[in-house]
Amino acid sequence: MADSPKSLGVSAELHAYLVAHGSPPDAVLERLAADTSAMGQIARMQIAPEQGALLTMLARLVGARLIVEVGTFTGYSSVCLARGLAEGGRMICCDVSTEYTDRAVQAWQEAGLSDRIDLRIAPGAETLRALPHDPPIDLAFIDADKSGYATYYEEIITRMRAGGLIAVDNVLWGGSIIDMTDTSRDTVALRAFNDMVLADERVDVVMLPVADGLTLCRKK
Ligand SMILES: C[S@@+](CC[C@H](N)C(=O)[O-])C[C@H]1O[C@@H](n2cnc3c(N)ncnc32)[C@H](O)[C@@H]1O
């Protein structure tokens, strides 16, 4: 059985089963996934549906009042995260592309979330460095350029409350993470990032085989 294109080591059939047995994507997310899919190969950047359900649940579990996302693309993860915000909470989305995020803006309107999401178009590091330390970040999702992960993590963790959570996508990188013959820039950056997080005493860490690998870091 062939692997699901969105879930490492999981067959397409098993993936369909597990998606069908979690909270399902609604009409907004289904429309967004279909429209993004029509963009071609680039659609692979979108998170998997079970990750979306997980992000909504994580936001609710931490009682998120401030969420920061680095890497918004056409908006799937941001819709899922913003839906988990506590009453009165808000979300800051960082991306460099208006071409992609125009689609996200449309999805936020459709989902009735525009009033709580603030889109910042600039390199993620710049946006994060300009954020105040108060109010603290409750939840962050890192899913942008892989060579920037370490910088995003550091800028976020210093602005995060104790008990806050950073979720990091693509940490298994299609399995290349353990293929030492792969020395491409992104793979090397992700390997260094995974090692750095493991050694960071400020957090508890778990790496999950969800989609392309998802690391959760809880600030102590
Ligand atoms: C993997 S996609 C994000 C997918 C998104 N989370 C979703 O659920 O659809 C990566 C995004 O990071 C953005 N990006 C690339 N370099 C960036 C940077 N330096 N700062 C902020 N965003 C960046 C890209 O424009 C792209 O939209």
Side-chain angles (χ1 to χ4, degrees), residues 1-8 10-121 138-144 165 167-170 208-214 216:
M1 281 189 284
D3 272 10
S4 153
K6 281 208 184 279
S7 236
L8 199 61
V10 176
S11 71
E13 292 80 358
L14 204 50
H15 185 249
Y17 179 87
L18 72 86
V19 170
H21 287 78
S23 298
D26 71 346
V28 174
L29 290 174
E30 280 189 341
R31 198 276 306 151
L32 181 56
D35 284 3
T36 304
S37 176
M39 291 166 73
Q41 278 293 316
I42 195 99
R44 293 174 59 177
M45 295 210 294
Q46 186 170 66
I47 61 162
E50 70 275 22
Q51 274 183 294
L54 177 62
L55 291 175
T56 305
M57 187 179 285
L58 291 175
R60 291 188 177 139
L61 284 172
V62 302
R65 295 191 51 77
L66 178 58
I67 299 177
V68 172
E69 173 178 83
V70 191
T72 294
F73 190 44
T74 58
Y76 198 104
S77 51
S78 59
V79 168
C80 298
L81 286 162
R83 282 182 168 159
L85 279 168
E87 188 71 33
R90 65 192 186 94
M91 174 165 183
I92 296 169
C93 286
C94 311
D95 207 293
V96 285
S97 166
T98 50
E99 184 196 339
Y100 299 150
T101 55
D102 281 352
R103 293 166 182 259
V105 170
Q106 188 195 334
W108 300 336
Q109 279 162 3
E110 284 172 30
L113 296 167
S114 306
D115 61 338
R116 66 208 74 169
I117 302 179
D118 180 4
L119 175 63
R120 311 267 171 101
I121 298 293
D138 301 298
L139 175 63
F141 183 47
I142 300 178
D143 188 20
L165 198 68
V168 188
D169 201 19
N170 305 113
L208 301 170
V210 175
D212 192 28
L214 185 75
L216 300 181

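In this chain, residues are counted from 1 in sequence order.
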Please name all residues satisfying side chain to side chain contact (heavy atoms under 4.5 Å, CB included) with [X], sequence neighbours left out, ordered by chain then number.
| X | value |
| --- | --- |
| Ser4 | Lys6, Ser7, His15 |
| Ala59 | Ala64, Ile67, Leu139 |
| Asn170 | Asp143, Lys146, Tyr149, Trp173, Asp212 |

Under the criterion side chain to side chain contact (heavy atoms under 4.5 Å, CB included), I'd like the reasoning laid out for Val10 against Tyr17: C-alpha separation, chi angles, the key distance, then a yes or no.
CA-CA 11 Å; Val10 176; Tyr17 179 87; over 6 Å; no
Residues 98-109 side chain polar contacts: donor-acceptor under 3.5 Å, at least two apart:
| unit_1 | atom_1 | unit_2 | atom_2 | d |
| --- | --- | --- | --- | --- |
| Thr101 | OG1 | Ser97 | O | 2.6 |
| Gln106 | NE2 | Glu110 | OE2 | 3.1 |
| Trp108 | NE1 | Ser78 | OG | 2.8 |

Test item: Ser11 side-chain N/O and Leu14 main-chain N/O as donor-acceptor pair under 3.5 Å:
yes
Has the side chain of Asp138 got a donor or acceptor atom that lies under 3.5 Å from a matching backbone atom of Leu66?
yes
Pairwise salt bridge (charged side-chain N to carboxylate O under 4.0 Å, His left out) hits with a residue in residues 70-91, at least two apart
Asp26-Arg83
If a pair satisfies salt bridge (charged side-chain N to carboxylate O under 4.0 Å, His left out) and one of its residues is in residues 65-82, list it, with sequence neighbours excluded.
none
Sequence neighbours excluded, the answer for side-chain hydrogen bond (donor to acceptor under 3.5 Å, both in side chains) partners of Thr36 is Gln46, Thr74
Applying side-chain hydrogen bond (donor to acceptor under 3.5 Å, both in side chains), can you list everything that pairs with Gln41, at least two apart in sequence or on another chain?
Arg44
Using the rule given for side chain to side chain contact (heavy atoms under 4.5 Å, CB included), can you reason through Leu29 versus Cys80, listing the C-alpha separation, both sets of side-chain angles and the distance that settles it, and then say yes or no?
CA-CA 9 Å; Leu29 290 174; Cys80 298; 3.8 Å; yes
Considering non-hydrogen atoms only, spot the tightest contact between [X] and [Y] and give its length.
| X | Y | result |
| --- | --- | --- |
| Cys93 | Ile117 | SG-CG2, 3.7 Å |
| Ala48 | Ala211 | CB-CB, 4.0 Å |
| Leu32 | Gly75 | CD2-C, 3.7 Å |

Nearest 0.5 Å, what's the [atom1]-[atom2] distance between [X] and [Y]?
| X | Y | atom1 | atom2 | answer |
| --- | --- | --- | --- | --- |
| Glu50 | Leu214 | CD | CG | 10.0 Å |
| Ser37 | Ile42 | OG | CD1 | 12.5 Å |
| Leu55 | Leu165 | CG | CG | 9.5 Å |
| Leu81 | Leu58 | CG | CG | 8.5 Å |

Inter- and intrachain pairs under ring pair (Phe, Tyr, Trp, His ring centres under 6.0 Å), touching residues 52-71, at least two apart:
none
Flag the pair [X] / [Y] as yes when at least one side-chain heavy-atom distance between them is below 4.5 Å, and no otherwise.
| X | Y | answer |
| --- | --- | --- |
| Met91 | Leu85 | yes |
| Leu113 | Val79 | yes |
| Val168 | Phe141 | no |

Show, in sequence, the C-alpha distance, side-chain angles and deciding distance for Leu54 and Thr56, and conclude whether the side chain to side chain contact (heavy atoms under 4.5 Å, CB included) test is met.
CA-CA 5 Å; Leu54 177 62; Thr56 305; over 6 Å; no
